[in-house]
Amino acid sequence: MLCKEIENIKDSMQGYLASVSCKSVSDKLNACAHIFSMIEKNPENSQELFEHFLSTAKSIEGRGEAKIDVIYTDKEREALKKKYGTLINETLELLLKRNLDEHDFYTQLWNNIFCTTAFQEKDSKVFALYYIWIDARIPYFKLEAGLQMDNSEFVQRTQNLNSNLALAKAQFILKTNYFSQKTARASVLLSLIDSLKEKEEDRIVLMAHVLDLADSSKYIEERIKQLSDKLSAVEKKIRQLSDKPLAEGAEGIE
């Protein structure tokens with residue numbers, strides 16, 4: 001296929017994504033049914049189109065207002081997730097650990113999922129495309145190794161940060177209810193990190209602790225939401241039971 005024809009297909013994919021409204025996860029799954037059909041019709045360039053879609057989709061998705069044809073219901077999406085979700089996640093995890101070049105990553109991802117017997121049915125391939133798309137680690141980027149530090153040095157620098165209250169201040173910035181905007185909180189936190197500009201390693205250690213604090217806060221919020229949802233479900237069930245009339249012949253409690 002000529003390069004111009006491939007570029008036209010890529011433009012069509014982007015045009016479609018820009019025109020539709022992806023307000024729910026099911027919208028995205030149904031959008032992928034259309035996108036995968038475009039990929040499937042061009043087998044010689046399928047991997048290239050797959051890479052293009054995943055590397056650009058999140059920058060243009062959901063801008064339009066056109067409704068997406070419903071091919072998969074929420075129930076069908078959940079069934080596909082139960083059948084294929086774990087396998088897709090495991091494949092992603094294995095490739096992410098290797099820190100491949102971007103093109104190599106997408107090539108191996110395509111081969112390890114879309115060219116295997118486990119994903120022979122079209123429904124499985126559409127779901128795989130969708131499930132990879134919504135993953136927070138897509139689009140993929142090859143990263144530099146970053147600073148390596150032994151545990152003893154990390155502990156020592158953490159103690160230094162504790163002694164000058166930098167770590168305590170970072171925790172306070174993350175937890176206080178003073179800020180009404182995330183940008184305000186972020187700018188104050190960045191200012192604290194920049195104040196250690198003469199000690200790059202200390203800045204990195206402080207940032208490592210900030211990431212841990214942020215992750216723990218997110219986990220707690222998620223657990224609270226899960227418990228709240230369960231409690232709401234129990235309360236709803238209790239209300240339903242209390243609204244049921246007594247069975248014929250049964251006596252109420254006096």
Side-chain angles (χ1 to χ4, degrees), residues 1-64 66-73 76-143:
M1 182 178 290
L2 297 176
C3 291
K4 185 173 179 58
E5 292 176 340
I6 298 173
E7 293 304 314
N8 287 339
I9 296 170
K10 291 178 181 179
D11 289 342
S12 295
M13 291 168 64
Q14 290 183 319
Y16 172 75
L17 280 179
S19 68
V20 296
S21 174
C22 294
K23 294 182 178 179
S24 69
V25 287
S26 291
D27 285 341
K28 290 188 175 183
L29 175 58
N30 286 306
C32 279
H34 182 81
I35 294 295
F36 186 76
S37 293
M38 300 175 73
I39 295 173
E40 189 179 38
K41 290 176 182 177
N42 299 276
E44 294 181 0
N45 305 99
S46 56
Q47 189 278 318
E48 181 179 349
L49 295 172
F50 167 75
E51 179 177 346
H52 176 76
F53 168 70
L54 291 179
S55 61
T56 62
K58 286 184 178 176
S59 65
I60 58 175
E61 66 183 57
R63 294 179 182 176
K67 291 185 177 180
I68 300 171
D69 293 335
V70 177
I71 299 173
Y72 300 98
T73 63
E76 289 170 327
R77 176 178 54 79
E78 286 299 319
L80 289 167
K81 179 181 178 181
K82 185 175 181 181
K83 187 174 182 180
Y84 299 107
T86 300
L87 181 55
I88 296 168
N89 278 331
E90 289 175 349
T91 303
L92 272 171
E93 290 289 345
L94 288 172
L95 290 176
L96 287 166
K97 288 179 180 179
R98 297 172 62 185
N99 197 32
L100 300 165
D101 290 335
E102 284 87 349
H103 177 68
D104 291 340
F105 171 82
Y106 288 114
T107 298
Q108 294 199 31
L109 185 58
W110 173 265
N111 291 333
N112 291 348
I113 291 181
F114 295 88
C115 300
T116 62
T117 55
F119 291 87
Q120 287 185 325
E121 299 177 1
K122 183 172 180 178
D123 288 346
S124 67
K125 294 179 180 180
V126 170
F127 179 79
L129 183 64
Y130 148 80
Y131 208 56
I132 296 168
W133 176 22
I134 66 170
D135 193 285
R137 297 161 296 185
I138 296 296
Y140 168 83
F141 301 94
K142 177 179 173 61
L143 301 176

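Heavy-atom basis, side chains included; hydrogens, waters and symmetry copies ignored. What you see is a predicted model, and the numbers here were worked out from it, not measured in a lab.
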If you measure from CG on Leu94 to CG on Leu109, what distance do you get to the nearest 0.5 Å? 11.0 Å
Closest approach of Ser21 to Ile68 (non-hydrogen atoms, all atoms of both residues): O-CD1, 3.7 Å
Atom pair NE2/CG of His52 and Leu54 - distance to nearest 0.5 Å: 10.5 Å
Residues 31-40 side chain polar contacts: donor-acceptor under 3.5 Å, at least two apart:
from  : atom 1 : to     : atom 2 : distance (Å)
Ser37 : OG     : Ala33  : O      : 3.0
Ser37 : OG     : Lys122 : NZ     : 3.2
Glu40 : OE1    : Lys122 : NZ     : 3.3

Can you pull out every salt bridge (Lys or Arg N to Asp or Glu O under 4.0 Å) where at least one residue sits in residues 11-32? Sequence neighbours excluded, please. Lys28-Glu61
Taking salt bridge (Lys or Arg N to Asp or Glu O under 4.0 Å) as the cut-off, I'd like each qualifying pair that reaches into residues 124-143, sequence neighbours left out, listed once. Glu93-Arg137, Asp135-Arg137
Suppose we screen for side chain to side chain donor-acceptor pair (under 3.5 Å). Which residues come up paired with Glu78, at least two apart in sequence or across chains? none
For residues 101-115, pull every pair meeting salt bridge (Lys or Arg N to Asp or Glu O under 4.0 Å), keeping only residues two or more places apart or in separate chains. none
Residues which pass side chain to side chain donor-acceptor pair (under 3.5 Å) with Tyr72, listed by chain and number, not counting sequence neighbours: Asp123
For Tyr130, what residues pass the ring pair (Phe, Tyr, Trp, His ring centres under 6.0 Å) criterion, not counting sequence neighbours? Phe127
Side chain to side chain donor-acceptor pair (under 3.5 Å) partners for Ser12, two or more places apart: none
I'd like to check Phe105 versus Asn99 (side-chain heavy atoms, cut-off strictly below 4.5 Å). Are they in contact? no
Sequence neighbours excluded and cut-off under 3.5 Å, please list the side-chain donor-acceptor pairs for residues 112-121, or say none.
from   : atom 1 : to     : atom 2 : distance (Å)
Asn112 : ND2    : Gln108 : O      : 3.3
Thr116 : OG1    : Ile113 : O      : 2.8

Calculate, to the nearest 0.5 Å, the distance between atoms CH2 and CG belonging to Trp133 and Leu29 respectively. 9.5 Å
Can you check whether Ile138's main-chain N or O pairs, donor with acceptor, with Lys58's side chain at less than 3.5 Å? yes
Okay, side chain of Asn30, backbone of Ile71: is any donor-acceptor separation there less than 3.5 Å? yes
Report yes if some heavy atom in the side chain of Lys10 is under 4.5 Å from a heavy atom in the side chain of Ile6; otherwise report no. yes
Partner residues of Gln47 under the side-chain contact (heavy atoms from CB on, under 4.5 Å) criterion, sequence neighbours left out: Glu51, His103, Tyr106, Thr107, Trp110
Within the side chain of Tyr140, is there an N or O that forms a donor-acceptor pair under 3.5 Å with the backbone of Leu100? yes
Is it the case that the side chain of Glu76 and the backbone of Thr73 share a donor-acceptor pair, with hydrogens and angles ignored and the cut-off at 3.5 Å? yes
Could you give the distance from CD1 (Ile134) to CG (Leu129), rounded to the nearest 0.5 Å? 11.0 Å
Sorted by chain and number, sequence neighbours left out, side chain to side chain donor-acceptor pair (under 3.5 Å) with Ser26 holds for Asp74, Arg77
What's the separation between atom CE in Met13 and atom CD1 in Ile60, rounded to the nearest 0.5 Å? 8.5 Å
